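Heads up: the structure comes next, in structure tokens.
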Amino acid sequence: MIDRPQGGEKAILVHVFFPAEGMQEDLEEFKELARSAGATVVATVTGTRSVPEARYFVGSGKAEEIREMVATTAAELVLFNHALSPAQERNLEKLLKCRVLDRTGLILDIFGQRARSFEGKLQVELALLNHLSTRLVRGWTHLERQRGGIGLRGGPGETQLEVDRRLIRKRIQSIRERLKKVRQQREQSRKARRRAALPTVALVGYTNAGKSTLFNCLSGGSVYVANQLFATLDPTLRRIELPEMGPVIIADTVGFIRHLPHDLVEAFHATLEEVTEADLLLHVVDIHDERRAENIDQVNAVLEGIEADSVPQLLVYNKIDLLPGMAPGVERDYEGNQLRVSVSAAKGVGIEDLQKVMVEMLGKDMIQKTVKLAPKDARLRALLYQLEAVLSEKVDEEGCYHLIVRMPKAEFKKLLG
């Protein structure tokens with residue numbers, strides 16, 4: 001592994017304003033990304049263009065301004081809040097005499113720092129290698145500049161930086177085979193949950209919306225929480241008890257962000273399947289964020305991209321404690337359908353309302369009935385207990401069992417219909 005600096009690299013941020021809506025990025029969010037990566041921002045360069053310049057992305061005059069600023073501030077890294085082509089990245093590094101990372105490379109680097117589990121590290125390495133494979137050019141001798149790290153020592157994929165495309169393709173294939181096995185294991189776990197008739201609730205939302213805080217609040221867990229982008233990366237599943245319903249599986253997933261790199265979406269497909277296979281999505285929104293409407297749209301766009309837009313969704317407005325006068329509660333439409341729930345996960349406010357609405361929405365596919373089983377139906381009775389579907393039981397004088405069961409309608413029809 002190549003040693004990399006342990007943090008605090010001096011970085012210059014470059015942000016260009018474009019009139020085209022599809023090319024617009026958020027400068028404040030970019031600054032948060034840089035800080036989350038561990039960079040020390042020494043300057044920010046902004047400009048306006050109608051379209052990117054082919055050679056440097058910015059004009060030659062702006063590129064020269066950045067070069068002078070690098071020399072003045074002794075910056076070690078220049079971060080662009082946009083996607084750069086491999087040629088633009090190389091041209092800029094040659095001109096600026098320092099490393100250059102685009103928005104995609106910066107997000108990949110943050111993911112590399114956050115990955116903790118074996119699966120997470122594999123997924124990040126796959127995304128990094130896919131990204132790196134487009135940056136390899138014959139005769140380019142300074143591949144070490146593609147390290148991409150800000151404070152990460154021994155990150156995923158570093159040993160591949162000085163190998164050719166053939167070896168990278170081989171490594172990519174090896175990782176995909178490993179992830180295929182992980183995917184099969186996850187599918188087995190999901191099948192076991194389905195057999196046990198346990199509904200799954202997945203938390204989704206824009207990064208730093210407070211998903212992990214809400215997850216801890218609902219589950220009594222201790223998932224890492226910090227006021228930074230992508231504080232948690234690896235998915236976490238917990239079994240919780242919902243009042244008047246029973247056991248439910250709740251999943252905390254990776255946060256989304258606008259223009260999430262395609263390589264990451266592809267690499268994290270196995271993890272994101274927890275979202276696509278869920279029975280209910282809690283879409284957590286930072287109500288205090290002025291960009292909340294845009295963030296909601298971005299999350300919904302990612303959900304559509306992974307074909308999870310058909311999963312029932314509940315909006316959860318979080319961080320109401322940061323807005324004076326905003327009270328917890330449930331908002332409904334004129335037909336009584338749930339629109340959103342307002343909570344403060346950090347303060348534990350509004351959680352009971354949220355749990356009640358979760359039970360309502362999950363209960364739409366549940367059925368509760370009293371069934372009578374003869375003594376010869378002992379195997380079926382044992383199966384109902386195994387599925388944790390039995391709420392109560394009485395035995396009559398004839399030895400017959402009278403059970404009150406609660407379970408998904410489809411499962412009830414299959415076993416008792």
Side-chain angles (χ1 to χ4, degrees), residues 4 7 9 11-16 22-41 44 57 77-86 88-89 92 99-116 119-135 145-152 155-158 161 204-209 211-212 226-235 253-269 271-272 289 291 294-295 298-299 301-303 305-306:
R4 300 164 73 177
E9 280 187 283
I12 293 175
L13 309 186
V14 180
H15 177 85
V16 181
M23 297 183 64
Q24 294 175 3
E25 299 289 1
D26 189 290
L27 178 56
E28 291 306 311
E29 181 178 86
F30 183 46
K31 291 178 180 178
E32 290 179 32
L33 281 171
R35 286 193 289 267
S36 294
T40 300
V41 179
T44 301
F57 190 87
L77 179 67
V78 174
L79 302 172
F80 275 72
N81 192 19
H82 312 274
L84 299 176
S85 71
Q88 288 169 337
E89 201 169 287
L92 284 164
R99 288 190 299 116
V100 174
L101 274 181
D102 65 0
R103 180 183 173 86
T104 298
L106 177 60
I107 294 174
L108 288 172
D109 184 83
I110 295 173
F111 271 58
Q113 295 185 47
R114 300 289 188 267
R116 293 292 179 268
E119 178 189 5
K121 290 177 180 178
L122 281 179
Q123 291 176 127
V124 171
E125 184 178 358
L126 176 59
L128 284 168
L129 290 173
N130 281 328
H131 184 65
L132 175 62
S133 65
T134 67
R135 263 68 185 160
R145 296 180 184 173
Q146 284 297 300
R147 293 176 301 178
I150 306 174
L152 176 62
E158 286 181 323
L161 295 178
V204 299
Y206 209 77
T207 182
N208 207 27
K211 294 187 309 304
S212 295
N227 185 26
Q228 59 182 199
L229 303 184
F230 304 116
T232 54
L233 176 58
D234 297 311
T253 60
V254 62
F256 299 153
I257 196 168
R258 57 177 48 80
H259 300 159
L260 190 66
H262 175 73
D263 288 336
L264 273 179
V265 176
E266 180 185 4
F268 278 75
H269 193 271
T271 298
L272 293 174
D289 193 333
R291 302 161 294 186
E294 300 172 35
N295 295 348
Q298 291 293 330
V299 171
V302 175
L303 292 175
I306 63 175

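A quick note: this is a predicted structure, and the numbers were derived from the prediction, not measured. Side chains are part of it too, since the values below use all heavy atoms of this structure and drop only hydrogens, waters and symmetry mates.
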Those residues at least two apart in sequence (or on a different chain) that pass side-chain contact (heavy atoms from CB on, under 4.5 Å) with N81 are H15, E25, F30, R103
Are the side chain of [X] and the backbone N or O of [Y] linked by a donor-acceptor pair below 3.5 Å?
X	Y	result
H82	V16	yes
Q88	S85	yes
N130	L126	yes

Minimum heavy-atom distance between [X] and [Y], given as atom pair plus value:
X	Y	result
A37	I110	CB-CG1, 3.7 Å
V41	A34	CG2-CB, 4.0 Å
V124	L108	CG1-O, 4.3 Å

Pair K31 + E28: basic N to acidic O under 4.0 Å: yes
Interatomic distance, [X] atom [atom1] to [Y] atom [atom2] [nearest 0.5 angstrom]:
X	Y	atom1	atom2	answer
L106	F111	CG	CZ	11.0 Å
F80	L101	CZ	CG	11.0 Å
L79	T44	CG	OG1	10.0 Å
L128	D109	CG	CG	8.0 Å

Could you give me the CA-CA distance, side-chain angles and deciding distance for D289 and N208, then say whether side chain to side chain contact (heavy atoms under 4.5 Å, CB included) is met? CA-CA 10 Å; D289 193 333; N208 207 27; over 6 Å; no
Side chain to side chain, [X] and [Y], heavy atoms closer than 4.5 Å:
X	Y	answer
V78	L92	no
I257	Y206	yes
H131	I107	no

Could you work out, with side chain to side chain donor-acceptor pair (under 3.5 Å) as the rule, every residue matching Q298, not counting sequence neighbours? none
